[in-house]
Amino acid sequence: MTDPIVTRFAPSPTGFLHIGGARTALFNWLYARGRGGKMLLRIEDTDRERSTKAAIDAILDGLDWLGLHWDGETVYQFSRVARHREIAERMLAEGKAYRCFCTPEELAQMREKAKAEGKTRLYDGRWRDRDPSEAPAGQPYAIRLKAPLSGETVVEDQVQGRVTWQNENLDDFVLLRSDGTPTYMLAVVVDDHDMAVTHIIRGDDHLNNGARQTQIYQALGWTIPVMSHIPLIHGPDGSKLSKRHGALGVDAYRAMGYLPAAMRNYLVRLGWSHGDQEVFSTEEMIAAFDLPQIGRSPARFDFAKLESLSGHYMRTSPDADLLAAIDGLLPHLANGTDIAAKLTPPIRSQILAAMPDLKERAKTLVELIDAASFIWSGRPLALDDKATALLTPEARGLIREVTQALETVEPWTPAATEQAVRSYAETKGTKLGTVAQPLRAALTGRATSPGIFNVLTVLGRQESLARLRDQASAS
RNA sequence: GUCCCCAUCGUCUAGCGGUCUAGGACAUCACCCUUUCACGGUGAAGACCGGGGUUCGAGUCCCCGUGGGGACGCCA
């Protein structure tokens, strides 16, 4: 029996969960779920200066919203420093690492020199073979890996293929800082090993780290996890994602009204494909996802496609789910509290009644809420510019007459009101649109809305007639 | 600068030597449907970065160039 698959998502809590991190989490989650494995969560909070509680909360909240649930307890890397130190000491004792007494100034000089000479190896290894007895007394030291000087280090990457580095280009990097805290490079290896991680899936900005970490695994004699470095996501203009375009926290996407399912679907197709399939249910995604199908070139973030996918999920979601999604979204909206207060039980059932018509034309929950707002907007109804333009004196005259025709309609159903309006238009010798648009403006305050007869039905006889009379008499 | 990675329509991508006069999706543009807006339907326009090889045959393999990206910290 082979070992169970264990993946992990390991964000550093120095900011929100951005779109790239969300996709990395999704890939890890899909890979584990599809193979009966586990996805672990490890918060890489060893940078005490920059790690914040707020960032941790944002990451957890973001994963939760996306529906990417991890297995087991969340591991906080900082809590494991003693273990990291233990391994560093062990490597020192075994001669796999050594003490380096260089000062920051010396290091800065070395770096400059190396750059000037066009060398990749920044540290010159000056303490590599020196006897510790030569160390200046009381001088703090860092522990560096005694990396191989020749030969090559290879990462057999599932997405990048076989990637090779000449060891002469890799220097003796620091494992344990002079203040006794572990570096990221050491901590990751020790934690992944201790957490029995079998597959590392992360952004390809870590590809070079993959080589360094491989050297640590080799020094320790540990099994190297299968690595997959996925390409980064770029902004619409091809540049690195910045706050100007796509680098928003996932909470921003929630606030824009995207459904988590749409988000997952959009994200999974960024860099990964399964033939010509564009739409994937979560189950399909889990079943089809695999590492070799991930592309190696960076993808650009495209709101238009996200939007389109979002519309698809809006249309295909059950009505009640969408209402629940609105409830979930309201707390995250600026005017959410005001709207929430208006959603009384009767209003909610009106929304539900209108939902089949509403969801057909909304791309996001925000649009859905906006399109539904005519239901709870009280009289006198505010008119937007287009609606105002529609309500010419002639149009108001039409409304007056149609209202009279409508007053006798019984029962108040879409078919019956349509009957009445159509026959009115016929006797007037005008097209249905000529009377439907003014009705729409008077009823919803907008120039666009669901089908006008459904609007009449959702609003009910009393409210409909009242809104019509408001506009018939006004001028 | 050095190291590493990448390169098919505007965008996401299919393509794993011949079935490619290169397929799908989003976006765009027509037309149809139609009470508005969407949806839906039909159709159009739109790509293999350049140059060398290898091969009977290259979008597919190799090399060089060019262009992107990433990494070069006692950050993660």
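A gap of 32 Å separates the P atoms of B/A25 and B/G68, to the nearest Å. Taking the P atom of each, B/C56 and B/U13 are spaced 36 Å apart, rounded to whole Å. Annotation: B/U21 and B/C4 have their P atoms spaced 37 Å apart (nearest Å). Here, B/U8 and B/U35 have their P atoms 45 Å apart, quoted to the whole Å. B/U19 and B/U60 have their C1' atoms separated by 14 Å, with the value rounded to a whole Å. Spacing between B/G46 and B/A30 at atom C1', rounded to whole Å, works out to 15 Å.
Residue-level contact check: A/T448 touches the bases, meaning some heavy atom is under 4.0 Å from a base atom. Contacts of A/L232 with the nucleic acid, taken as non-hydrogen atoms under 4.0 Å apart, involve only primed sugar atoms and P, OP1 or OP2. Across all strands shown, A/K431 has no heavy atoms under 4.0 Å from either base or sugar-phosphate atoms. A/R121 comes within contact range of no nucleotide atom at all, as no heavy-atom separation falls under 4.0 Å. A/F173 comes within 4.0 angstrom of no nucleic acid atom, judged by non-hydrogen atoms across all strands. Within the 4.0 angstrom heavy-atom criterion, no nucleotide atom of any strand lies near A/T434. At a threshold of 4.0 angstrom between heavy atoms, the contacts of A/R48 with the nucleic acid are absent.
Applying the salt bridge (charged side-chain N to carboxylate O under 4.0 Å, His left out) criterion to A/R212, with sequence neighbours excluded, gives A/D171. With sequence neighbours left out, A/Y184 forms a side-chain contact (heavy atoms from CB on, under 4.5 Å) with A/E44, A/V188, A/R202, A/H206, A/N209, A/Q213. Scanning for side-chain contact (heavy atoms from CB on, under 4.5 Å) contacts around A/S79 gives A/Y76, with sequence neighbours left out. Scored by the ring-ring contact (aromatic ring centres under 6.0 Å, His included) test, A/Y266 finds A/F301 as partners (sequence neighbours excluded). With sequence neighbours left out, the salt bridge (charged side-chain N to carboxylate O under 4.0 Å, His left out) criterion links A/E86 to A/R83.
Side chains of A/W272 and A/D290: a donor-acceptor N/O pair is absent below 3.5 angstrom, by distance only. Between A/T282 and A/R264, the side chains place a donor N or O and an acceptor N or O closer than 3.5 Å (distance only, hydrogens not considered). Checked by atom type, the side-chain pair A/T181/A/R177 shows a donor-acceptor distance below 3.5 Å. Looking at A/S377 and A/R467, their side chains never bring a donor and an acceptor atom within 3.5 Å of each other. A/T164 and A/E152 share no side-chain donor-acceptor pair at under 3.5 Å.
Closest approach to the A/S273 side chain among B/G1, B/A14, B/C26 is made by B/A14 (side chain taken as heavy atoms from C-beta onward). Taking every side-chain heavy atom of A/T183 into account, B/A76 is the closest of B/A76, B/C75, B/C37. For A/M185, whose side chain is taken as the heavy atoms from C-beta onward, the closest listed nucleotide among B/U13, B/A76, B/C74 is B/A76.
With respect to A/R422 and A/E418, a salt bridge is recorded, a charged nitrogen being found less than 4.0 Å from a carboxylate O.
With ring centers used as reference points, A/F173 lies 6.0 Å or more from A/Y123. Ring centers of A/F453 and A/W412: at least 6.0 Å apart, outside the cut-off.
Residue A/R296 has no polar side-chain atom (N or O) positioned under 4.0 Å from OP1 or OP2 of B/G69.
Contact check of residues 199-208 of chain A against RNA chain B (heavy atom, cut-off under 4.0 Å) returns A/D204, A/D205, A/H206, A/L207, A/N208. Shown for residues 139-153 of chain A: residues whose heavy atoms fall under 4.0 angstrom of RNA chain B, namely A/A142, A/R144. Using a 4.0 Å cut-off on heavy atoms, the residues of residues 436-447 of chain A that approach RNA chain B are A/A436, A/Q437, A/R440, A/A447, listed by number.
For the pair A/L207/A/D157, a side-chain contact is recorded, criterion being any heavy-atom separation below 4.5 Å from C-beta on.
Cation-pi geometry between A/R144 and A/Y98 is not met at under 6.0 angstrom from the ring centre and within 45 degrees of the axis. For the pair A/R48 and A/F78, the cation-pi criterion (under 6.0 Å, within 45° of the ring axis) is fulfilled.
Contact of A/D45 with B/A76 (side chain to base): no donor-acceptor pair of N or O atoms is detected under 3.5 Å.
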Polar pairs (N or O, both sides) under 3.5 Å between protein and nucleotides 20-23 of chain B?
residue, atom, partner, partner atom, Å
B/G23, N2, A/D276, OD1, 2.8

Can you tabulate the close N/O pairs, meaning under 3.5 Å, that link protein atoms to atoms of nucleotides 9-12 of chain B?
residue, atom, partner, partner atom, Å
B/C12, OP1, A/R300, N, 2.9
B/C12, O2', A/R269, O, 2.8
B/C12, O2, A/K305, NZ, 3.4

Under 3.5 Å, which donor-acceptor pairs link side chains of residues 291-299 of chain A to any protein atom two or more places apart or in another chain?
none

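Residues in residues 105-114 of chain A take part in these salt bridge (charged side-chain N to carboxylate O under 4.0 Å, His left out) pairs, two or more places apart or across chains: A/E106-A/R126, A/K113-A/E117.
Comparing A/N169 and A/R422 along RNA chain B, the residue whose closest nucleotide (by nearest heavy atom) sits nearer the 5' end is A/N169. Mapping A/A304 and A/K363 onto RNA chain B via the closest heavy atom, the residue that lands nearer the 5' end is A/A304.
The partner of B/U2, taking Watson-Crick or G-U wobble pairs whose two distances both stay under 3.5 Å, is B/A71.
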